Amino acid sequence: MAAATVVDPADSDGCTGYTGVQNRGWDESQLRKYSFPTKPIPRLSHTDPRADILISNEQRMLLSCKDTERPANRNSDTGHTEAFLWGSLSELSGESESESRVYLQQTLNDTVGKKIVVDFLGFNWNWINKQQAQRNWGQLTSNLLLIGMEGNVTPAHYDEQQNFFAQIKGHKRCILFPPDQFECLYPYPVHHPCDRQSQVSFDNPDYEKFPNFKNVVGYEAVVGPGDVLYIPMYWWHHIESLLNGGVTITVNFWYKGAPTPKKIEYPLRAHQKVAIMRNIEKMLGEALGDPHEVKTRFHTLFAMQTLPYRQCTDCIIHT
């Protein structure tokens, strides 16, 4: 089962993992149960030099950054922020209207109210800007304020940007999967509205339709106020507000990745392979004029690759 466990630091890539559920403001009864195994996400102080190494290597990591978000939960009352856009999750969750859930996703700008803007500016921007500069990341593309009800779930998906996920209020369980598990998570086709989201239901996986999901292994942590989770680009992440845990508030920081190097090093890294596959899929769909033809063309290509030779009327084509 995927659940928080007592962790031996030796199993955490040389870093200190979370050490159980005692006195953390939550317990395992608030975690959903899943069929796949998980390992702990390393937890470090943001002043620990090992944190820089993990970020530079684009490895998942949980930072204890109590002073990174110094004032950020003082003015979390959103009662007068009329610009907030609430969306119903009842269709996604399959719940009836009487059990519908709502989830706020609001870009942080000057429309959210003066108090929240002032609070947001109080983040430790020196530390955040340092991470960007050291790794030659691109510009900060957006900050999102995320407010969710207890039990809300954001299905597993990946983003094409670097992400610092700063928890302000409440607790969220975060399960991450590296890019090399792409084939286990079955994203929707690239032209689908949910193209970067997994098709697999974690609650009730269909192993006949998605057989490779049996091989998936996650990395998980429960983040609370003052924690910042680094989610590298192209890493899958499944996020859930804890059951019976009250409202949660999160702010994320999205940065474009570093520019593509002039000289490509081989072998390619897993996230580079994912980017290539998705770009080929996109280009084929555009070239064919019908995205639905892409699957058929790929199947034809793969069938040719699996045959030792193919006879034609006039020749033999060797593979």
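What you see is a predicted model; the values in this text were computed from it and never measured. In this chain, residues are counted from 1 in sequence order.
Here CD1 of I276 is found 8.0 Å from CG of N279. Values are rounded to the nearest 0.5 Å. Taken to the nearest 0.5 Å, the CZ atom of F253 stands 14.5 Å off from the CD atom of Q162. A distance of 10.0 Å separates CG in L44 from CD1 in I53, rounded to the nearest 0.5 Å. Here OH of Y234 is found 10.5 Å from CG of D159. Values are rounded to the nearest 0.5 Å. Interatomic distance, Q59 CD to W235 CH2, rounded to the nearest 0.5 Å: 5.0 Å. One finds the CD1 atom of I249 at 8.0 Å from the CD1 atom of I168 (value rounded to the nearest 0.5 Å).
When atom types are taken as modelled, the side chain of E240 and the backbone of V153 share no donor-acceptor pair closer than 3.5 angstrom. Between the H191 side chain and the P189 main chain, no donor and acceptor come within less than 3.5 Å of each other. In this structure, E220 contributes its side chain and T38 its backbone to no donor-acceptor pair below 3.5 Å. Looking only at distances, a side-chain donor or acceptor of Q199 sits under 3.5 Å from a matching main-chain atom of P187. R196 places no side-chain N or O within 3.5 Å of a backbone atom of E160 that could act as its donor or acceptor partner. Although no hydrogens or angles enter the test, the distance criterion places a donor-acceptor pair under 3.5 Å between the side chain of D227 and the main chain of G224. Under a 3.5 Å cut-off, the side chain of Q30 and the backbone N or O of L243 do form a donor-acceptor pair. Although no hydrogens or angles enter the test, the distance criterion places a donor-acceptor pair under 3.5 Å between the side chain of Q181 and the main chain of V217.
A side-chain hydrogen bond (donor to acceptor under 3.5 Å, both in side chains) check over residues 266-277, counting only residues at least two apart or in different chains, returns nothing.
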Cut-off 3.5 Å, no hydrogens considered: what does the side-chain donor-acceptor table look like for residues 200-211, sequence neighbours left out?
{"residue": "S201", "atom": "OG", "partner": "N204", "partner atom": "N", "Å": "3.2"}
{"residue": "D206", "atom": "OD1", "partner": "E208", "partner atom": "N", "Å": "3.1"}
{"residue": "D206", "atom": "OD1", "partner": "K209", "partner atom": "N", "Å": "3.1"}
{"residue": "Y207", "atom": "OH", "partner": "S35", "partner atom": "OG", "Å": "2.8"}

Donor-acceptor pairs are to be reported for all side-chain atoms of residues 136-144 against protein atoms at under 3.5 Å, with residues two or more places apart or in another chain.
{"residue": "T141", "atom": "OG1", "partner": "Q161", "partner atom": "OE1", "Å": "2.5"}
{"residue": "T141", "atom": "OG1", "partner": "W254", "partner atom": "O", "Å": "3.2"}
{"residue": "N143", "atom": "ND2", "partner": "N252", "partner atom": "O", "Å": "3.2"}

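Counting all heavy atoms, side chain and backbone alike, S198 lies closest to W236 at N-CZ3, 3.5 Å. Contact detail for M149 and S241: the closest heavy-atom pair is O-CB, 3.5 Å. When all heavy atoms of L62 and V222 are compared, the closest pair comes out as CD2-O, 4.3 Å. For the pair I41 and C174, the tightest heavy-atom approach, listed with the atom from each and the gap, is CD1-O, 4.2 Å.
Cluster membership for F213 and Y188, using ILVMFWY side-chain heavy atoms within less than 4.5 angstrom, is not shared.
In this structure the side chain of Y103 reaches within 4.5 angstrom of the side chain of T154, judged on heavy atoms. Looking at heavy atoms from C-beta onward, H237 lies out of side-chain contact with R60 at the 4.5 angstrom threshold.
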Mind running side chain to side chain contact (heavy atoms under 4.5 Å, CB included) on Y230 and L54 for me, showing each step along the way?
-> CA-CA 9 Å; Y230 170 53; L54 288 174; over 6 Å; no
Could you go through the side chain to side chain contact (heavy atoms under 4.5 Å, CB included) check for Y219 and I175 one step at a time?
-> CA-CA 5 Å; Y219 294 86; I175 306 178; over 6 Å; no
Go through the steps to decide whether F164 and F123 satisfy the test ring pair (Phe, Tyr, Trp, His ring centres under 6.0 Å), and finish with yes or no.
-> CA-CA 12 Å; F164 286 116; F123 273 69; over 10 Å; no
Tell me, with the steps shown, if L31 and W26 meet side chain to side chain contact (heavy atoms under 4.5 Å, CB included).
-> CA-CA 9 Å; L31 306 179; W26 57 275; 4.0 Å; yes
Begin from the C-alpha positions of Y158 and R278 and carry the test side-chain hydrogen bond (donor to acceptor under 3.5 Å, both in side chains) through to its verdict.
-> CA-CA 12 Å; Y158 69 88; R278 297 301 258 177; 3.0 Å; yes
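Listed by chain and number, the residues in a side chain to side chain contact (heavy atoms under 4.5 Å, CB included) with E183 are N212 (sequence neighbours excluded). In this structure, the side chain to side chain contact (heavy atoms under 4.5 Å, CB included) partners of N129, at least two apart in sequence or on a different chain, are W125, Q132, Y255. With sequence neighbours excluded, the residues satisfying side chain to side chain contact (heavy atoms under 4.5 Å, CB included) with T250 are L146, F165, Q167, K172.
Salt-bridge formation is detected for the pair R135/D52: a Lys NZ or Arg NE/NH1/NH2 atom is positioned less than 4.0 Å from an Asp or Glu carboxylate oxygen.
N109 and T111 form a side-chain donor-acceptor contact under 3.5 Å, judged by distance and modelled atom types alone.
Note on ring orientation: taking the six-membered ring where Trp is involved, the planes of W127 and H46 are perpendicular (angle over 60°, cut-offs 30° and 60°).
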